[in-house]
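Step one of this worksheet: look at the structure below.
Every chain is numbered from 1, with letters handed out A, B, ... down the list of sequences.
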Number of protein chains: 2
Amino acid sequence: MPLIRQARRQGGLALLAKQQGLRLTRQRRLIYSILEAAQTHLNAKQILAEAQKFDPGIDQVTIYRNLAVLKRLRVVDELDLLHLKGDQHYYEARQVRAHSHVACLSCGKVFEFYTPAMKTIDQALEKECGFEVSFTRIEIGGYCAECRKKRGVSPASLKGHKVPRSVEPERI
Amino acid sequence: MPLIRQARRQGGLALLAKQQGLRLTRQRRLIYSILEAAQTHLNAKQILAEAQKFDPGIDQVTIYRNLAVLKRLRVVDELDLLHLKGDQHYYEARQVRAHSHVACLSCGKVFEFYTPAMKTIDQALEKECGFEVSFTRIEIGGYCAECRKKRGVSPASLKGHKVPRSVEPERI
DNA sequence: ATCTATTTGCAAGTCATTTGCAATAACAAC
DNA sequence: GTTGTTATTGCAAATGACTTGCAAATAGAT
Ligand SMILES: [Mn+2]
Ligand SMILES: [Mn+2]
Ligand SMILES: [Zn+2]
Ligand SMILES: [Zn+2]
């Protein structure tokens with residue numbers, strides 16, 4: 001059985017951890033399982049809150065340390081979400097299919113988006129630059145369809161964020 | 001003359017600022033001109049250091065406040081650079097052509113990359129979701145061609161960051 | 001020159017994240 | 001199962017990026 005399949009069956013972690021001299025602690029399993037099960041993107045504080053439901057003694061620093069490990073193992077991805085919600089980061093278990101994160105600057109909604117062009121970027125980079133891509137983070141800010149309807153085509157003011165469409169720098 | 005052209009001739013700022021009730025202070029011009037002239041991505045501290053060469057009295061908080069304004073005006077973009085260099089952000093004047101930022105996890109090098117697929121993503125999002133894109137941040141981590149050569153095809157260890165290629169989760 | 005609202009500098013505060021360290025626990029070897 | 005080694009944890013303290021409050025300064029309109 002290919003290594004990667006086996007790793008997946010064990011929760012994606014066991015084999016990876018062993019190969020690195022890492023230990024599969026109760027806390028590490030728990031944190032990863034929380035991210036695997038999560039329906040939204042969680043920040044470090046939210047992960048702690050969820051983890052303490054199962055392990056009341058777990059500490060915030062353990063969350064941070066394990067997030068670092070899980071990122072290194074490429075089983076967890078870190079998102080910035082364009083600092084829409086403060087200066088913290090958000091985390092999600094890595095999906096089979098990569099996706100980008102789109103944030104509405106008006107209502108704050110964040111949704112995931114996939115288009116084949118995303119893969120094309122990685123391929124272009126590998127082909128043109130010989131770069132080996134480990135992870136790709138695509139975060140897009142703008143105005144969602146609903147907010148555009150509410151405010152006419154050009155989203156007028158968001159908490160004083162008035163940027164007339166006509167003078168936004170063009171992007172080629 | 002179209003507004004956007006005129007805004008560009010005036011440093012991109014004057015017209016935009018006026019329309020928003022913003023004032024073109026000495027400090028604001030300086031900060032923007034520093035980013036316009038910069039050959040690399042600068043963090044808030046570096047921008048302060050550079051600004052103080054011309055205006056010794058300028059304060060760090062003025063840098064932060066103006067970066068917020070310039071981001072809102074869409075004339076400056078904020079980068080995360082995948083936290084390769086700590087937990088700060090980096091800034092650059094918005095270019096005519098958008099580009100992505102690629103960071104080597106081995107040598108720390110950061111370079112810019114453009115491929116038409118980037119624009120395709122925005123278009124797909126606008127077409128499929130009716131989303132109006134204001135800015136797109138694409139950050140990619142991996143191993144550059146040079147580092148790959150040095151260490152064979154699979155980059156071995158970076159400060160204890162050993163992740164065997166064979167067990168990396170596949171991405172479709 | 002005058003007026004008014006925006007912006008600045010300074011000081012203090014916030015809070016996400018990191019670090020030091022002794023105690024605990026994985027897990028490999030016996 | 002017992003033992004030994006070393007990664008990991010929890011707690012406390014520190015770090016540092018960024019924000020906020022406020023009075024003084026000043027951009028820009030009249
Ligand atoms: Mn960030
Ligand atoms: Mn750039
Ligand atoms: Zn919206
Ligand atoms: Zn490199």
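Atoms CD1 (B/Ile63) and C1' (C/dT8) sit 12 Å apart, rounded to a whole Å. C/dT8 atom C1' lies 14 Å from atom CG of B/Leu30, rounded to whole Å. The CD-C1' distance, from B/Gln88 to D/dC18, rounds to 12 Å in whole Å. Straight-line distance from the OH atom of A/Tyr64 to the C1' atom of D/dT15: 13 Å, rounded to whole Å. D/dG10 atom P lies 10 Å from atom CD of A/Gln52, rounded to whole Å. At whole-Å resolution of the value, OH in A/Tyr91 and C1' in C/dT17 are 9 Å apart. Whole-Å rounding puts the A/Arg28 CZ to C/dA25 P distance at 15 Å. We find that CD1 of B/Ile31 is positioned 11 Å from C1' of C/dT7, with the value rounded to whole Å.
Of the candidate nucleotides D/dT8, C/dT18, C/dC10, C/dC10 has the atom nearest to the side chain of B/Asp59. In this structure, of D/dT9, D/dA12, D/dT20, it is D/dT9 that holds the atom nearest to the side chain of A/Arg65. Ranking C/dA16, D/dA17, C/dG9 by closeness to the B/Ile58 side chain, first place goes to C/dG9. In this structure, of C/dG9, D/dT9, C/dT17, it is D/dT9 that holds the atom nearest to the side chain of A/Asn66.
If you find the closest nucleotide of DNA chain C to A/Thr25 and to B/Gln27, the one lying nearer the 5' end belongs to B/Gln27. Toward the 5' end of DNA chain C, the nearer of the two residues B/Thr62 and A/Asn43, judged by each one's closest nucleotide, is B/Thr62. Each of B/Leu22 and B/Ala44 has a nearest nucleotide on DNA chain D; the 5'-most of these lies closest to B/Ala44.
Under the 4.0 Å criterion applied to side-chain N and carboxylate O atoms, B/Arg26 and B/Asp55 are assigned as salt-bridge partners. Using a 4.0 Å cut-off between a side-chain N of Lys or Arg and a carboxylate O of Asp or Glu, B/Glu50 and B/Lys53 qualify as a salt bridge.
A donor-acceptor contact under 3.5 Å links the side chain of A/Arg23 to the base of D/dT6.
Residue contacts for B/Gln60: at a heavy-atom cut-off of 4.0 Å it reaches no nucleic acid atom on any strand shown.
Donor-acceptor pairing under 3.5 Å is lacking for the side chains of A/His41 and A/Glu78. Side-chain atoms of A/His89 and A/Asp80 include a donor-acceptor pair closer than 3.5 Å.
The shortest distance between the side-chain N/O atoms of A/His89 and the OP1/OP2 oxygens of C/dA16 is not below 4.0 Å.
With hydrogens and angles disregarded, a donor-acceptor distance shorter than 3.5 Å links the side chain of A/Glu126 to the backbone of A/Val133.
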